[in-house]
Each structure stands twice: as structure tokens, then as C-alpha cells.
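Below is one structure, written out as C-alpha cells, with a few remarks after it.
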Amino acid sequence: MPIHRTFAAALAASVLVPVASWAQGTYPDRTVTLVVPYAAGGPTDTVARLVAEPMSKALGQQVIIENMGGASGTIGAGQVARADADGYTLMLHTSAQATNDLFYDKLAYGSREAFQPLGVVSHTPMTLVGRKDLPPETAVEALDYIRGSGEGVAFGNAGVGGPSYLCGLLIENRLETPMVMVPYAGTGPALTDLLGGQIDLICEQATNTIGHIRSGAVKAYATTSAERLPSLPDLPTLAEVGLEGFETTVWLGLYGPRDMPQPVIDTVVSALQTALKDPLVTKRFADLATTPASAEEATPEGLLATQEAEVAKWKDLIEAAGLQAN
Ligand code: MLT
């Protein structure tokens, strides 16, 4: 082989090999931002902060939380959809990723198309809780109270589309009684206002209510899941107290913008899997009635399947019941 060709081949190899290993080997070499598309202090924020620490350890870089709340997570998700798909901007969203599409005609992004699913993170039941001095003492009385109040009950939520909103909408529909839907940038500030007595009721993930239920700072009426919660065994399900078949639970999922490089996806998924096995995370999740995703769910395929199943679950029901945002 002529000497200049050998040199050219050697040069090409010396250039290409380090470039390829750089592309696969150095992510992340700076801070990773985990966008929470809800206000600080809500359940999504709580879970994000719990998993960010072991993920930081696994990635060897700090994972910092940025709260971008509003409109059921659509404002923050819109920002993430437009971010560089380099793995430095990730997002922890809720099952609103599935249901927002069913309520908004003109989202600036497609929840299915604009994101790279990375893995389910957790599952959480919801609880129907009232301000401490709300007159009803039991779930049956609470439903009667809503019925009897006309449009007078102020129901806090994180904006049209997400689980905290959908839960209220289903209650309104089943009781054939509208409530005053009070939107917040997340259920964190909604719970703060409930504790302060400014609003009457919320459906909130147990992650954020269990402590307040146990301390008596709120009145707990029911769980919205199909079964009673092992951690709150005295709390009836809404189905038990007359809303037959009622069931809403929430999952949280990790996403990035679409078109992330495969090696980056693999690195983030591996860090998520490590975080979900961290003993501190499993302990805190258990304290907060929150279940970590299984290893199969905490994958891109697992999250995609979960999101699609959620759309299928609600699509017909929302249409058949004629549920409309109010
Ligand atoms: C939040 O973090 O604010 C909630 O997850 C929002 C919701 O449940 O709708």
C-alpha cells in the first residue's frame, strides 16, 4: 500500500475513533436539568427531588430541578419539546401526558410525537381531601355536600387536562353538579390554599396528602383508586360510597425531547433504573404511598405502553360522558 494511503487511513482512524468514543463516552459532562412542569411542593416535584439525587450519583453529574408550572404541565412540556435533544434537558411528567391531548385542541406539541419516553418512574393513588373545617365528616356526607351546594364548592386542581382536574370533572359528572374549578400551577399550591382554608376540596396524589391526613390537617374522605390503600386502610374508595366504577390513579414518567441519541437514552434509562432501586428512594416512596415502577416499566417501551394505555382508557369514556373542560 502506498505510504500516503497508509498515512491517510491511520489519520482517519485516529480522528474517527476518539470522536466516536467521545460521543458515547462523555455524556453527561455538565449539569442535567430535570423540568417539573408543575409548581414546587407538589407530588411531581417531590418525586423528582427524590430520584434526582441517586440519578446524579449514577450519572456523575448534578441533576437539578426546574419547576415550570401551569396549564396541567403543558407550559413546561412545551419548553422541553423545543429544547435540544442532547440529554441535558429531561422532564418528569404525570399521566397528564396522555389526557392533556384529549382536552386541548391546539397544544403546541404532540404529547406522543414531541418526546422521547425514557421510563415510568412511579404510580400513586389519589385522595379526595377537604379543608379541615369543611362540614362533612365522611365521604358520603362530602358527596351530599357537593350535591347540595349547587356550584358553590371550590375545587383546586393543576389546570385542565391532568389527573387532579380529571378527578374533579368525573365527580361533577357523576353527581351532576358543577363545582368552581380553581386552577393552580400545580397541586402543591392548591394544597397550601386548602390548608389555609381558601378552597374546599382537592383530589391530590397520596404522595403529598398522606402526612396531612395522618396529622389531621385536612379532612380525608376517600381514595380514588379501585382498592383501599394499605397505608390508609380506613379510607373508603369512591366506588364504595356510591360512585360505582370510579377509578383514577397517577403515574409519573421520565421524558426527553424527541431525537435523543441512543447512547444518551441508554445512559439516562440506566441511571433511572439505579435510582428506583436506591434503598432511600424505596423507603421514602413507601412512606408516601408511592410505588416505584418495575424494571420493565422503567424503560422507553414501558412508558410508551403506559401512556398509550392511558389514552385508550380515557378517550372513549371522556367522549361518551361528554366530559368537557370547565
Ligand atoms: C402536581 O405535581 O402538581 C400534580 O402532579 C399535578 C396533578 O396531579 O395534576
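We count ligands from 1, going down the list as the structure has it; atoms in each ligand are counted the same way.
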T94 touching ligand 1 at heavy-atom level, < 4.0 angstrom: yes
E247 and T237: CA distance, side-chain angles, deciding distance, side-chain contact (heavy atoms from CB on, under 4.5 Å) verdict: CA-CA 9 Å; E247 200 230 335; T237 67; over 6 Å; no
NZ/NE/NH1/NH2 to OD/OE distance under 4.0 Å, R174 and E244: no
Nearest neighbour in protein (non-hydrogen) for atom 8 (O) of ligand 1: Q205 NE2, 3.2 Å
For atom 3 (O) of ligand 1, the protein heavy atom that lies nearest, with its residue and separation: T187 N, 2.7 Å
Any N/O pair Y38/ligand 1 closer than 3.5 Å: no
Closest protein heavy atom (residue, atom, distance) for atom 7 (C) of ligand 1: S164 OG, 3.5 Å
Heavy atoms of other groups near E53 CD, more than 12 under 6.0 Å: no
Subset of ligand 1 atoms that lie under 4.0 Å from at least one heavy atom of T44: 1 (C), 2 (O), 4 (C), 5 (O)
Contact atoms of ligand 1, heavy-atom distance to G186 under 4.0 Å: 3 (O)
Residue-ligand contact A96/ligand 1, heavy atom below 4.0 Å: no
Expected output: side-chain Y27 to main-chain G87 donor-acceptor under 3.5 Å: yes
Single hit among L50, T46, D278 for side chain to side chain contact (heavy atoms under 4.5 Å, CB included) with R284: L50
Pair F115 + Y109: ring centers closer than 6.0 Å: yes
